[in-house]
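Notes follow the structure.
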Amino acid sequence: MAGALCISCSPAPLLWALLLLTVSPGNAFYLPGSYMHTYSQGEEIWAKVNSLTSIETEMPFSYYSLPYCRPQGGIKKSAENLGELLMGDQIDNSPYRFRVNVNESLYLCTTKGLNENDAKLLKQRTRDLYQVNMMLDNLPVMRFTEQNGITVQWTGFPVGYTPAGISEDYIINHLKFKVLVHEYEGRNVEIIGTGEEGSGVISEFDKKGMSGYQIVGFEVVPCSVKRDAEAFSKSNMYDSIEPVSCPMELQKSQVIRQQERITFTYDVEFVKSDIKWPSRWDAYLKMEAGAKVHWFSIMNSLMVILFLAGIVFVIFLRTVRRDLTRYEELDKEAQAQMNEELSGWKLVVGDVFREPTCPKLLCVMIGDGVQILGMAIVTIIFSTLGFMSPASRGMLLTGMIILYLFLGIAAGYVSVRLWKTIKGTSEGWRSVSWLTACFFPGVLFMVLTVLNFVLWGSKSTGALPISLFFALLAMWFCISVPLTLVGGFVGTRSAQIEFPVRSNQIPREIPARKYPSWLLVLGAGTLPFGTLFIELFFILSSIWLGRFYYVFGFLLIVLVLLVIVCAEVSVVLTYMNLCVEDWRWWWKAFFASGSVAIYVFLYSINYLVFDLRSLSGPVSAMLYLGYSFLMAFAIMLATGTIGFLTSFSFVHYLFSSVKID
């Protein structure tokens with residue numbers, strides 16, 4: 001899935017970079033995700049190609065699954081990290097050669113006559129709007145189109161196009177490249193970063209004052225040009241040809257047809273630019289709607305927080321503290337008399353800490369929620385600080401997986417300690433730890449296995465190789481599970497949280513209510529959803545429409561606001577339930593904030609219907625809904641954990657102030 005680009009195989013290069021920053025001398029340094037490469041005049045650079053992608057099918061395919069020209073030395077795959085493989089990236093070398101500051105028009109190859117299968121496949125990929133994703137010096141190729149008088153920026157170029165009202169399809173076989181270069185004069189600069197293939201840290205002190213050119217932009221104008229295949233077939237690869245303009249007439253364009261021979265050519269133009277190398281990604285990361293919509297989202301969330309904060313303020317300072325102060329000022333006889341006249345939350349003092357239904361499942365979900373929430377917070381903070389560069393394909397996803405694995409120790413500790421608090425004993429902690437280690441990853445693997453079989457059946461590069469599948473299972477059982485068990489063992493050694501009041505032997509009858517209490521719980525999820533739905537739109541666009549998402553500063557603010565809203569919603573709802581003598585607050589506190597996941601999933605369906613209208617076929621819809629379910633499930637665990645832990649602290653504080661024999 002396009003949207004995030006990363007290269008580092010592991011956090012080791014990052015650790016080496018931080019070490020070098022502290023011990024190496026230098027006048028300046030860069031840490032942007034890939035090292036600054038300076039090219040000399042006429043030096044050869046080779047473009048690379050990634051998987052073909054489409055916003056219609058969301059199934060990536062190999063570039064060389066189509067009859068394109070192949071490199072003279074054969075196809076060589078680039079080293080791919082865990083994140084790239086999970087996103088369906090397959091990066092190969094290509095025959096497109098560039099010589100720095102040399103403008104030229106070159107011939108590549110002429111195919112044999114298209115057989116029935118190749119012609120059918122090219123037509124299908126064209127009509128499914130597949131894009132070719134090409135890179136030069138780690139920069140994705142960019143193109144511009146005019147739509148309603150507005151210039152729209154895209155990454156990649158189409159396999160072909162089908163004119164309106166025409167049954168024929170036309171292939172893109174001529175590319176007009178524009179390479180923006182910045183002339184660099186060597187200074188005493190130390191260059192620190194991770195290599196393009198994730199090979200480690202490169203530290204180079206520029207003492208010689210080397211000058212040259214840096215690639216700061218890569219643009220393309222795709223064309224379809226009808227060539228004389230017989231005449232061109234006698235040429236050799238990289239022979240010079242006459243430059244050509246993109247034809248407007250369909251008669252001069254290359255049609256996709258059985259037995260048709262297709263000639264591939266390209267033009268290269270180098271243009272000097274004032275863009276500095278550290279700023280070369282700015283063109284890709286520009287926000288289409290600007291920052292205003294993000295600030296609107298934040299202001300909207302602040303209004304919700306202030307509204308809820310006012311309610312919490314009233315509960316704490318006026319109602320609860322007033323009742324407790326009056327209660328504490330009475331003598332014992334008056335307290336005894338008042339106990340007989342108790343009302344509201346004070347009536348459930350003997351039942352409020354009664355064991356909930358399915359306590360083991362609750363402990364497991366809270367533990368997994370802590371693990372997911374911790375992973376999200378650390379990842380977003382590191383991204384905000386600039387460590388998850390878009391130049392580093394797969395780094396974001398790789399970092400998330402590594403963090404999740406090692407946070408298993410926190411999940412085991414929290415789930416077992418909560419189990420010990422509820423049960424009053426640590427007996428059964430091993431099963432709680434095992435379930436915590438297997439609950440969310442188990443659901444994840446089951447869904448991914450089903451989706452992977454679908455992708456395997458479609459021969460998509462998005463399908464996980466069987467070796468990677470077993471590697472993920474090994475990481476799960478060799479890292480996450482043992483750490484979760486270690487965390488659970490530490491939880492057994494920690495003191496249980498003592499309840500401030502004892503539970504009665506006979507449960508108190510809960511008064512009948514005019515409306516189901518779960519209706520209020522489900523409605524409470526709309527408030528956290530209002531905090532994140534605008535950012536959710538940009539994230540979904542990044543995943544499914546191939547757009548870059550790099551406003552992690554806004555995302556961090558939204559995350560903080562979401563945590564506050566979830567906590568406030570859960571506290572308010574818990575208090576309302578206690579006031580109507582409903583002591584079954586445990587699960588309701590969890591789902592009061594966790595129900596936001598329902599609205600996230602419904603919004604994902606809305607996005608599929610109205611924003612991904614081009615998505616075609618049951619396979620594509622199945623992939624989309626499967627990934628959306630996993631996202632909503634993870635959000636439910638994380639937000640539900642926030643609400644539960646906050647409500648637990650609130651109830652514990654509330655009843656620790658009550659003195660009843």
Side-chain angles (χ1 to χ4, degrees), residues 47 49-71 75 90 92 94-96 105-134 141 143 145 154-177 220-235 237 241 244-267 458-461 546 614-617 619-620:
V49 287
N50 203 341
S51 301
L52 305 173
T53 55
S54 167
I55 61 173
E56 279 216 349
T57 66
E58 299 299 343
M59 289 189 294
F61 290 97
S62 170
Y63 173 82
Y64 291 108
S65 63
L66 297 181
Y68 285 126
C69 302
R70 306 200 169 208
I75 301 171
Q90 182 176 308
D92 302 313
S94 81
Y96 289 92
S105 298
L106 301 174
Y107 164 79
L108 272 185
C109 73
T110 299
T111 67
K112 297 178 181 179
L114 296 178
N115 58 38
E116 182 181 359
N117 182 62
D118 285 342
K120 183 179 179 181
L121 192 61
L122 273 173
K123 284 176 172 286
Q124 187 64 44
R125 297 288 181 263
T126 297
R127 293 177 181 180
D128 286 341
L129 304 181
Y130 270 87
Q131 300 279 316
V132 177
N133 299 294
M134 189 176 291
V141 71
R143 68 184 172 94
T145 58
W154 304 84
T155 53
F157 57 88
V159 168
Y161 64 94
T162 307
I166 303 294
S167 60
E168 297 282 8
D169 303 293
Y170 297 84
I171 190 172
I172 298 298
N173 65 330
H174 180 74
L175 301 172
K176 301 174 73 67
F177 292 108
V220 68
V221 176
C223 310
S224 181
V225 181
K226 177 70 175 176
R227 301 281 195 178
D228 185 348
E230 290 298 327
F232 273 96
S233 62
K234 300 175 183 178
S235 303
M237 188 176 282
I241 60 172
V244 65
S245 300
C246 293
M248 302 300 294
E249 302 86 357
L250 293 179
Q251 294 80 5
K252 296 181 180 180
S253 300
Q254 178 61 59
V255 70
I256 301 173
R257 191 179 295 149
Q258 195 171 341
Q259 300 304 321
E260 193 80 15
R261 301 184 67 188
I262 301 172
T263 298
F264 290 91
T265 56
Y266 68 102
D267 299 338
S458 303
K459 298 181 180 180
S460 168
T461 61
S614 60
L615 197 67
S616 61
V619 172
S620 302

Approximate separation, where rounding is to 0.5 Å, of [X] [atom1] and [Y] [atom2]:
X	Y	atom1	atom2	result
Lys112	Asp118	NZ	CG	11.0 Å
Ile256	Lys123	CD1	NZ	6.5 Å
Thr53	Met59	OG1	CE	12.5 Å
Lys176	Thr265	NZ	OG1	9.0 Å
Met248	Ser253	CE	OG	9.0 Å
Asp267	His174	CG	NE2	3.5 Å

Is there a side-chain contact between [X] and [Y], using heavy atoms and a 4.5 Å cut-off?
X	Y	value
Ile171	Glu260	no
Phe264	Thr111	yes
Tyr96	Val49	no
Pro60	Asn50	no
Leu66	Leu122	yes
Arg261	Glu230	yes
Tyr68	Val132	yes
Pro222	Tyr161	no

Has the side chain of [X] got a donor or acceptor atom that lies under 3.5 Å from a matching backbone atom of [Y]?
X	Y	value
Asp128	Tyr130	no
Asn173	Val225	yes
Thr162	Arg127	no
Lys459	Phe61	no
Ser224	Tyr170	no

Measure across [X] and [Y] and return the closest heavy-atom pair with its distance rounded to 0.1 Å.
X	Y	answer
Leu114	Ile262	CD1-CD1, 3.7 Å
Glu56	Ser620	O-OG, 3.6 Å
Pro95	Cys69	CG-O, 3.5 Å
Tyr107	Ser233	OH-CA, 4.0 Å
Gln258	Asn115	CG-C, 4.1 Å
Ser51	Asn133	O-ND2, 2.7 Å

**Report entry** Any donor-acceptor N or O pair under 3.5 Å, side chains Thr263, Thr110
**Finding:** yes
Query - Sidechain N-carboxylate O distance under 4.0 Å for Lys226, Glu249 - result: no
Query raised in the report: Hey, is Glu168 close enough to Arg257 for a salt bridge, meaning N to O under 4.0 Å?
Result: yes
Query raised in the report: Should the pair Tyr266 and Phe177 be assigned to parallel (<30°), tilted (30 to 60°) or perpendicular (>60°) ring geometry?
Result: perpendicular
Query raised in the report: Does the pair Ser62 and Asp92 meet the rule for a side-chain contact (heavy atoms from CB on, under 4.5 Å), with working shown?
Result: CA-CA 9 Å; Ser62 170; Asp92 302 313; 4.3 Å; yes
Query - Face-on cation placement of Arg143 at Phe157 ring, 6.0 Å and 45° thresholds - result: no
